[in-house]
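Computed from a predicted structure; not experimentally measured.
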Amino acid sequence: MISRIDLRGDTLPEGGALRDLLPRAEFDVEAALEKVRPICEDVHHRGTAALIDYAQKFDGVTLAQVRVPVEAIDTALEQLDPAVRAALEESIRRARIVHRGQRRTEHAIQVVPGGTVTEKWVPVERVGLYAPGGRSVYPSSVVMNVVPAQEAGVESIALASPPQAEFGGLPHPTILAACALLGVYEVYAAGGAQAVAMFAYGTTGPDGCPAANMVTGPGNIWVAAAKRYFTGKIGIDTEAGPTEIAVLADSTADPVHVAADLISQAEHDPLAAAVLVTDSAELAAAVEKELEPQVAATKHVEDRIKPALAGRQSAIVLVDSLEDGLKVVDAYGAEHLEIQTADAAAWAARVRNAGAIFVGPWSPVSLGDYCAGSNHVLPTGGCACHSSGLSVQSFLRGIHIVDYTRDALAEVTHHVVTLAEAEDLPAHGAALKARFGWKVPQA
């Protein structure tokens with residue numbers, strides 16, 4: 001059901017050589033880019049009419065309008081299962097606690113007497129948030145996108161989610177209900193690359209969507225490709241690929257827990273990655289044995305879980321020691337990394353590359369997906385070595401405010417002039433000389 005990679009017995013290679021030995025899903029955004037390019041440009045030129053055509057082509061629905069009526073959003077909340085509503089409200093409450101604590105404040109630094117640099121944090125003006133609606137529907141992703149944007153102080157928030165034939169061309173009602181709970185009433189029935197293009201270019205008319213400064217949210221490869229297409233025109237969070245879990249475990253780990261957690265990510269998608277890294281051959285064998293009955297007892301077995309576990313992106317990786325295991329998980333840079341070892345907190349503290357780290361047997365990834373308070377929009381495909389998950393900071397821009405007095409400028413002018421001339425940019429130095437009668441003040 002799941003393959004093995006045995007890295008025992010030899011010294012582990014470094015860097016890219018080690019990464020090349022590890023399982024990873026094929027996710028060719030560059031190839032998809034050429035397919036989404038004409039879709040994006042069609043939305044640019046035809047606007048709402050193009051969105052309606054693509055809803056018919058890709059989603060099998062005929063839309064009268066793209067923007068979701070406010071009444072439909074309120075109705076979705078009224079009809080929401082009370083238990084689901086309570087769970088979403090608790091997820092929102094915990095997410096607000098965590099993300100409110102991330103808000104940065106203005107900080108002034110006196111560089112020299114009379115010279116200060118202040119860094120202030122300003123939210124982007126408008127964001128477009130994407131909530132997937134393909135194989136599964138993710139109201140939790142609405143929470144994870146909206147809450148940090150709101151806590152950052154973003155004034156204009158719009159959300160797009162694919163239209164659903166089952167619900168008369170509206171996004172899934174649970175998505176709409178989550179929007180209502182969060183106070184987001186600008187919602188569009190648009191999916192895929194065309195939704196990203198709608199936010200990037202904006203559309204006009206009574207059903208139009210003003211352009212956004214930034215687009216965030218997980219999606220399929222077409223969403224990721226559209227984000228790449230618009231990088232530079234708009235801000236993006238990340239090119240999210242298939243979801244991943246890596247578990248670093250030793251002989252103290254419970255194979256029932258480990259198997260359940262691997263399956264929990266495999267049920268997302270046939271390209272989902274489930275990786276166990278362990279120095280215990282006994283645990284590896286026990287997890288392999290445990291996978292069989294747990295997979296048989298759940299849903300989505302043939303279309304998602306079995307192909308995900310059997311795919312090249314999933315494996316049990318055997319290592320000689322937890323020290324080697326730490327090197328492996330750092331090279332892998334998992335979206336979600338569980339540490340199920342003795343003294344798990346100490347091992348977790350040494351991890352450098354992961355989207356989020358889950359410490360010990362009582363902090364499973366599923367908790368983070370919904371109610372830990374952390375954000376589940378995380379870097380995939382090894383991008384955790386250079387990127388972070390979605391947070392309040394994602395929606396803030398740091399702006400430096402430079403305020404020098406005449407004396408403070410005079411003190412440093414000779415250095416500025418020297419550096420400007422060393423770079424053959426004499427006008428840079430002249431801009432300071434002009435303030436002092438074209439003479440360089442004495443230091």
Side-chain H-bond candidate by donor/acceptor type, S280 with D250, under 3.5 Å: no
Steps toward side-chain contact (heavy atoms from CB on, under 4.5 Å) verdict (I263, L291): CA-CA 8 Å; I263 294 168; L291 284 172; 3.8 Å; yes
Distance, nearest 0.5 Å, that separates OG1 of T216 from CG of N145: 4.0 Å
C179 side chain near Y185 side chain, heavy-atom distance below 4.5 Å: no
E323 vs K327, salt bridge (charged side-chain N to carboxylate O under 4.0 Å, His left out): CA-CA, chis, key distance, verdict: CA-CA 7 Å; E323 287 291 343; K327 293 177 183 177; over 6 Å; no
Within 6.0 angstrom of R4 CZ, more than 12 heavy atoms from elsewhere: yes
Interatomic spacing from OG in S91 to OH in Y370 - rounded to 0.5 Å: 9.5 Å
Distance-only side-chain donor-acceptor flag, D42 / Y54, under 3.5 Å: yes
Heavy-atom donor-acceptor pair, D403 side chain to V117 backbone, under 3.5 Å: no
CA sep, side-chain torsions, deciding dist, call: I245, E335, side-chain contact (heavy atoms from CB on, under 4.5 Å): CA-CA 6 Å; I245 182 175; E335 177 189 18; over 6 Å; no
Check: E244 main-chain N/O paired with H336 side-chain donor or acceptor under 3.5 Å: yes
Side chain T75, main chain E71, donor-acceptor under 3.5 Å: yes
Beyond-backbone contact of Y332 with R24, side-chain heavy atoms, under 4.5 angstrom: yes
Closest contact, heavy atoms only, I316 versus E288: CD1-CG, 3.4 Å
Short side-chain to backbone donor-acceptor contact, S394 and S391, under 3.5 Å: yes
Salt-bridge criterion met for E89 and R85 (N-O under 4.0 Å): yes
Nearest-0.5 Å distance that lies between atom CZ in F167 and atom CG in L176: 9.5 Å
Whether K227 side chain and T238 backbone form a donor-acceptor pair below 3.5 Å: yes
Polar side chain donor-acceptor pair, H45 to Y201, under 3.5 angstrom: no
Closest contact, heavy atoms only, G169 versus A189: O-CB, 3.5 Å
Criterion side-chain contact (heavy atoms from CB on, under 4.5 Å) against V295, the qualifying member of I305, I2, L262: I305
Side-chain heavy atoms of L276 within contact of V317, under 4.5 Å: no
Flag, side chain of D269 to backbone of P242, donor-acceptor distance under 3.5 Å: no
More than 12 heavy atoms from other groups under 6.0 Å of CD on E26: no
Closest contact, heavy atoms only, A315 versus I5: CB-CD1, 3.9 Å
Q265 side chain to V275 backbone, donor-acceptor under 3.5 Å: no
Side chains of H400 and T118 in contact at under 4.5 Å (non-hydrogen atoms): no
Distance (rounded to the nearest 0.5 Å) between E338 CD and S363 OG: 8.5 Å
Candidate pair K120 and V122, rule side-chain contact (heavy atoms from CB on, under 4.5 Å), full reasoning: CA-CA 6 Å; K120 71 173 183 177; V122 181; 3.8 Å; yes
N/O donor-acceptor pair under 3.5 Å between R397 side chain and P123 backbone: yes
Heavy atoms of other groups near E125 CD, more than 12 under 6.0 Å: no
Test side chain to side chain donor-acceptor pair (under 3.5 Å) applied to E166 - qualifying residues, sequence neighbours left out: none
Step-by-step salt bridge (charged side-chain N to carboxylate O under 4.0 Å, His left out) determination, D279 to R8: CA-CA 9 Å; D279 64 345; R8 295 173 298 178; over 6 Å; no
Other residues, nucleotides, ligands: >12 heavy atoms within 6.0 Å of E41 CD: yes
Atom pair CE/SG of M198 and C209 - distance to nearest 0.5 Å: 4.0 Å
Sidechain N-carboxylate O distance under 4.0 Å for R350, D330: no
Pair E267, T298: side-chain N/O donor-acceptor within cut-off below 3.5 Å: no
Any side-chain heavy-atom pair of V256 and Q294 under 4.5 Å: yes
Heavy-atom donor-acceptor pair, D320 side chain to G9 backbone, under 3.5 Å: yes
Carboxylate-amine/guanidinium proximity below 4.0 Å for E186 and R126: yes
Smallest separation among heavy atoms of A190 and P163, with atom names: N-CD, 3.9 Å
Considering all heavy atoms, the nearest Q65-R67 contact: NE2-O, 2.7 Å
Gap separating the CG atom of L129 from the OG atom of S141, nearest 0.5 angstrom: 10.5 Å
Expected output: side-chain H376 to main-chain D369 donor-acceptor under 3.5 Å: yes
Student check: side-chain heavy atoms of L7 and L22 closer than 4.5 Å: yes
Contact summary for A200 and A211, nearest pair of heavy atoms: O-CB, 3.9 Å
pair I236-F230: side-chain heavy atoms closer than 4.5 Å: no
Chi angles and distances behind the salt bridge (charged side-chain N to carboxylate O under 4.0 Å, His left out) call for E239, R228: CA-CA 7 Å; E239 295 177 7; R228 179 175 296 185; 2.8 Å; yes
side-chain contact (heavy atoms from CB on, under 4.5 Å) evaluation trace for R96 with Q150: CA-CA 9 Å; R96 288 209 188 281; Q150 289 178 333; 2.5 Å; yes
Side-chain donor-acceptor contact under 3.5 Å, T62 with Q56: yes
Validation row: I175, V142 side chains within 4.5 angstrom (heavy atoms): yes
